[in-house]
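Could you have a look at this structure, given as structure tokens, before my questions?
What you see is a predicted model, and the numbers here were worked out from it, not measured in a lab. Throughout, protein chains are lettered first and strands after them, A, B, ... in sequence-line order, and every chain is numbered starting at 1.
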Amino acid sequence: MKRRKRERNENGFEDWGGYMNAKKAKLSEQFKVESAKAGLKVDDLFKGVKIFVNGYTDPSADELRILMMQHGGEYHHYYRTGNTTHVIATNLPDSKLSQTRTSITVKPEWIVKSIEANKLLNYKDYLLVTGRTISQPPLLFTKQQSNKSPTKLPMKNTADDHFIDEFYANSRLHHISTMGATFKEYINQLRSNDRHAFPGRDHLSNQYPPSSGKMLATKLIMHIDMDCFFVSVGLRDKPHLVGKPVAVTHSKSGAGNARDGVNLLQEIESYRNRLGYGPSGSSAWSESKFSTTASMAEIASCSYEARKCGIKNGMFVGQALKLCPQLQFIHYDFDAYKQVSYQLYDSVARYTLDIEAVSCDEMYVDLTNLFQAIDLAPMKFAAILRKEILEKTGCNSSVGFGSNKLIARLATKKAKPNGQYWIEDDQIELFLNDLPLSELPGVGRSTTHKLKELAIKTCGDLQLLPLQELQKEFGKKHGETLYNACRGKEEKGLVFTHVKKSVSTDVNYGIRLRNDEERDIFLMNLTKETAKRLAAINMKGKCVTLKLMVRSKDAPEESAKYMGHGVCDHITKSVSLLSAISSTDDIYREVQKIIKPLGLDSKELRGVGIQVSRLESNAPVKNRLKDLFAANSKPSTTKDIVQKSPPPIAVEKDGKSTSVTKKSDVNIDKVPHKETSHSKDPKIEQPKTDPEGSSVQESYLLPADLRAMIGKWVEAEETPKRRDQRIILGYLLHLCKAQQIEDVFIILKAFYLYVKRRRKMQADWTQAYQKILESVQASMVAEYGGKLSMEEYRFL
DNA sequence: ATCCTCCCCTAC
DNA sequence: TAAGGTAGGGGAGGAT
Ligand SMILES: Nc1ccn([C@H]2C[C@H](O)[C@@H](COP(=O)(O)OP(=O)(O)OP(=O)(O)O)O2)c(=O)n1
Ligand SMILES: [Mg+2]
Ligand SMILES: [Mg+2]
Ligand SMILES: [Mg+2]
């Protein structure tokens with residue numbers, strides 16, 4: 001078995017880290033004196049200094065942010081022309097280097113050493129760029145100086161160590177998802193700063209002081225959303241394209257490419273087979289059978305001129321070109337989107353922090369409080385705000401007002417492009433009457449399709465349906481939501497403080513694995529990415545879920561979309577854990593435990609996702625910054641020991657995971673909307689009986705470790721939680737079925753003694769033990785026709 | 001009732 | 001060629 005070692009590093013970087021570590025160690029003494037609470041100001045060392053961190057640095061951007069906060073400086077999430085005083089960077093790619101000529105770019109040691117010296121050192125001694133050369137360390141990628149562009153290489157193999165990074169670097173959906181999370185967190189962070197200033201609000205309250213006693217009668221919610229966001233950002237330096245139909249996409253030429261194994265018509269049929277209706281615009285793209293090479297690249301965003309032809313975000317390029325042959329394409333610029341997003345959020349944050357972040361280009365704002373401090377008409381405020389955003393970003397936005405989020409959002413839609421609209425309560429009924437149902441947030445393809453069968457197309461139509469009817473069709477809550485939404489009613493307030501509940505990494509593109517070995521390499525890489533994301537937010541989780549997409553039996557060998565997933569069956573399986581995990585090894589073990597018994601053909605995999613949920617905070621008291629400065633004194637061995645603690649216990653639901661002959665162990669998507677197609681599940685490779693016999697068992701916990709964990713559990717937990725009891729029982733049943741009766745006996749005995757040893761004999765613990773014992777006995781009878789003799793080990 | 005897992009749906 | 005991610009709400013149906 002080959003172990004892949006970290007394969008760094010081609011640019012002489014390690015020495016640098018060592019140097020920084022030494023510096024930081026020296027600072028540790030002083031740092032200890034400082035408040036442990038990050039964010040509390042200690043001095044004004046960096047007063048007037050406003051930094052923007054560009055690229056990888058050590059200390060990290062986040063650590064520099066905290067340092068600036070502690071020493072009276074300012075931290076900018078993006079470069080603010082005429083405001084940011086210093087760019088902090090260690091190395092910059094060629095592309096970004098040019099920008100730095102117009103600004104002061106300084107190495108991070110300037111900050112570290114200044115803190116160390118307890119005085120502001122001259123930044124000129126720490127410039128990254130001196131004249132035309134980079135001082136130290138050397139620029140990355142200097143080898144690639146050859147004339148020919150290094151692009152044009154074929155797509156990386158799925159199991160390539162860089163496949164995941166490259167995919168994510170280019171995935172727009174990954175970027176908007178990540179940015180969405182970024183801005184939810186950004187609002188959390190702004191709101192947690194009690195010194196946050198509101199210059200916009202202050203200015204307005206001077207200019208439009210509140211007339212005494214005047215209060216807003218009802219809640220006022222504002223929704224704001226950038227117009228064709230990616231396009232607007234991209235067109236800022238392409239004025240010749242403004243006013244034309246434009247789309248952001250990866251497609252260069254608009255042409256696709258014919259490949260072996262593709263069968264478009266078969267694929268559409270397979271899709272229809274699964275969902276009961278075809279892919280959107282399928283007639284348009286099935287016409288492309290005549291021109292086999294229509295591009296199936298997706299359009300991320302299109303200009304309003306393009307929308308006049310019927311083009312929509314998410315549409316395939318080939319289909320869009322049919323609607324509008326003059327459509328022009330521009331490239332992605334993910335860095336720019338993020339910068340504009342910060343400018344958008346910062347603009348609104350000048351007035352209020354009663355903000356619910358929705359995405360990188362969109363948020364809800366509760367203005368009820370703001371308008372108690374100022375006497376200004378909402379529409380006037382919107383004009384001021386939108387003008388400010390336009391001046392800062394060069395992009396148009398639109399604003400909607402309403403008495404709840406739903407109405408505000410509908411108003412924004414009405415206002416677009418580059419407008420503002422207020423739907424007051426007495427206009428709601430009229431506004432909704434003819435509104436197509438699909439315009440309601442929460443009503444997507446499936447719901448629209450279902451309602452169309454009932455001849456319901458508008459909100460007005462839907463209002464005629466009684467609540468019970470809707471609940472029968474859509475379930476209790478969803479039915480009620482629809483019932484209210486079509487009347488413009490919505491109770492939900494804004495969520496100002498976001499709490500993350502799960503972390504996942506999915507790749508459903510470019511998955512083409514040749515064998516199980518490649519599958520495991522890819523799974524390991526994906527697990528590493530998952531662990532990295534958990535570490536980044538300092539979380540661990542008690543549930544691991546594996547999501548797989550497997551080519552449907554009736555789908556063509558190759559998807560019509562290049563490297564796409566095509567039509568697939570979905571398999572989801574999760575493992576509950578007794579204690580939370582976050583390391584690559586721990587997660588990978590669970591992933592293996594799930595995937596092995598499925599017995600899938602790796603060649604048929606088209607998508608893989610790993611999710612960690614039931615999150616809890618990792619190392620709640622620890623302050624990473626403190627570690628940073630205090631580290632280095634001893635190459636600590638204790639860390640290694642801690643990591644070697646026995647793996648947490650995990651079991652499949654009901655512990656039935658080894659009954660591999662049971663079909664129910666593989667969960668296959670039900671075919672929605674087609675009650676008639678009960679006949680047979682789409683066939684899937686039947687799990688094969690384990691060839692090596694013991695490999696399944698190997699991925700499980702050793703009995704000794706289980707015993708130890710039960711000991712800890714009984715000792716550490718106040719009361720036995722139902723979920724944990726289930727997990728323990730599941731594992732015992734698993735041992736039972738694996739014929740490890742002796743182990744079951746020993747563990748139960750130990751469990752009994754642990755409970756007995758508790759200082760206070762609690763009824764809930766004895767009951768928990770009894771319940772588990774009884775369940776194990778029942779299983780013993782079912783499996784072997786006899787019980788364990790546990791007479792001495794039972795509570796009465 | 002309540003919880004659990006697996007799944008569907010939606011949004012950007 | 002092309003980069004079809006990710007998080008949350010909630011329903012179905014079985015177990016407790
Ligand atoms: N299917 C989609 C939808 C959106 N996006 C990205 C590109 C969009 O520019 C951005 C914001 O999404 P919006 O729904 O706000 O759409 P736009 O801003 O493009 O247009 P609109 O003016 O309707 O808001 O998210 C995407 O990549 N793929
Ligand atoms: Mg938008
Ligand atoms: Mg695209
Ligand atoms: Mg939006």
Side-chain angles (χ1 to χ4, degrees), chain A residues 154-156 163-164 166-181 183-184 225 229-230 249-253 255-259 262 275 293-298 300-301 313-314 316-317 332 357-362 409 440-448 450 471 474-479 481 492 495 498-511 533 543 545 547 549 558-566 568 570-576 606-607 609 611 613 652-654 664 666-673 721-723 725-727 729 771 775:
Chain A
M155 177 99 179
K156 287 195 163 57
F163 168 80
I164 292 175
E166 179 170 325
F167 169 68
Y168 281 139
N170 289 293
S171 162
R172 78 188 202 281
L173 291 174
H174 166 74
H175 277 98
I176 62 177
S177 231
T178 308
M179 286 164 72
F183 288 102
K184 281 165 197 207
D225 186 298
F229 185 44
F230 287 10
T249 173
H250 283 301
S251 171
K252 308 274 183 237
S253 57
N257 215 335
R259 284 163 290 121
V262 173
L275 288 184
T293 58
S295 164
M296 295 190 78
E298 278 172 44
S301 178
N313 289 358
F316 290 139
V317 163
Y332 289 93
V358 175
S359 75
C360 61
D361 89 325
E362 182 178 346
R409 189 197 280 244
L440 285 179
V443 176
R445 269 175 69 74
S446 172
T447 309
T448 307
K450 266 191 199 170
Q471 288 180 320
F474 296 98
K476 191 168 180 335
K477 279 205 138 147
H478 192 198
T481 308
K492 288 178 293 183
V495 179
H498 177 77
V499 179
K500 224 195 203 349
K501 294 180 181 160
S502 68
V503 167
S504 60
T505 53
D506 302 57
V507 179
N508 300 313
Y509 180 86
I511 304 294
R533 293 184 193 184
C543 181
T545 304
K547 295 174 279 185
M549 293 178 79
E558 258 313 322
S559 56
K561 186 185 179 79
Y562 174 66
M563 284 292 147
H565 54 58
C568 284
H570 298 240
I571 300 173
T572 303
K573 224 160 170 9
S574 55
V575 184
S576 267
R606 292 293 179 268
Q611 182 187 56
S613 52
E652 311 277 332
K653 179 193 178 192
D654 309 331
S664 62
V666 177
N667 303 284
I668 298 169
D669 278 357
K670 302 275 188 301
V671 180
H673 318 303
K721 296 201 195 72
R722 185 148 56 118
R723 177 185 290 160
Q725 294 180 45
R726 252 167 179 275
I727 291 171
L729 174 61
K771 228 164 76 186
S775 300

With the side chain counted from C-beta on, respond yes when A/Lys184 and A/Lys500 share a heavy-atom pair under 4.5 Å apart, and no when they do not.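 No, side chains not in contact.
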What's the CZ-P distance between A/Phe230 and B/dC12, to the nearest Å?
->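 That distance rounds to 13 Å.
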**Report entry** Nucleotide nearest A/Ser502 (side chain, heavy atoms from C-beta), chosen from C/dG8, C/dA3, C/dA2
**Finding:**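 It is C/dG8.
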Residue A/Asp361, side-chain atoms from C-beta onward, closest of B/dT5, B/dC12, C/dT1
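For A/Asp361, the side-chain atoms sit closest to B/dC12.
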(request) Just call it for A/Thr447: base, sugar-phosphate, or nothing, with non-hydrogen atoms closer than 4.0 Å on any strand. (result)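 Sugar-phosphate contact only - A/Thr447 comes under 4.0 Å of backbone atoms but never of a base.
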Please pick, from C/dG5, C/dG4, B/dC6, the nucleotide with the shortest atom-to-atom distance to any side-chain atom of A/Lys573.
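Of the candidates, B/dC6 comes closest.
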Practice prompt. Look at A/Ser171 and C/dG4 and indicate whether a side-chain polar atom (N or O) is within less than 4.0 Å of OP1 or OP2.
Written response: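 For A/Ser171, the contact criterion (side-chain N or O under 4.0 Å from OP1 or OP2 of C/dG4) is met.
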N/O contacts under 3.5 Å, protein versus nucleotides 1-3 of chain B?
from	atom 1	to	atom 2	distance (Å)
B/dC3	O4'	A/Arg722	NH2	3.2

- If you check every side-chain atom of A/Lys477, which of C/dT6, B/dT10, C/dG10 has the closest atom?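 Selected nucleotide (nearest to the side chain): C/dG10.
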Give the rounded distance in Å between these two atoms: NE2 of A/His565 and P of C/dG5.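 Distance check: A/His565 NE2 to C/dG5 P gives 7 Å.
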- Query: Under 4.5 Å between any side-chain heavy atoms of A/Gln725 and A/Lys771, yes or no?
  - Reply: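 Side chain of A/Gln725 against side chain of A/Lys771, heavy atoms only: contact under 4.5 Å found.
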- request: Let me know, please, whether A/His478 or A/Ala297 comes out on the 5' side of the other along DNA chain C by nearest nucleotide.
  value: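 The residue mapped nearer the 5' terminus is A/Ala297.
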Test item: A/Phe316 and A/Ser295 side chains (from C-beta on) under 4.5 Å apart, heavy atoms: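 The answer is no, as the side chains (C-beta and beyond) never meet within the 4.5 Å cut-off.
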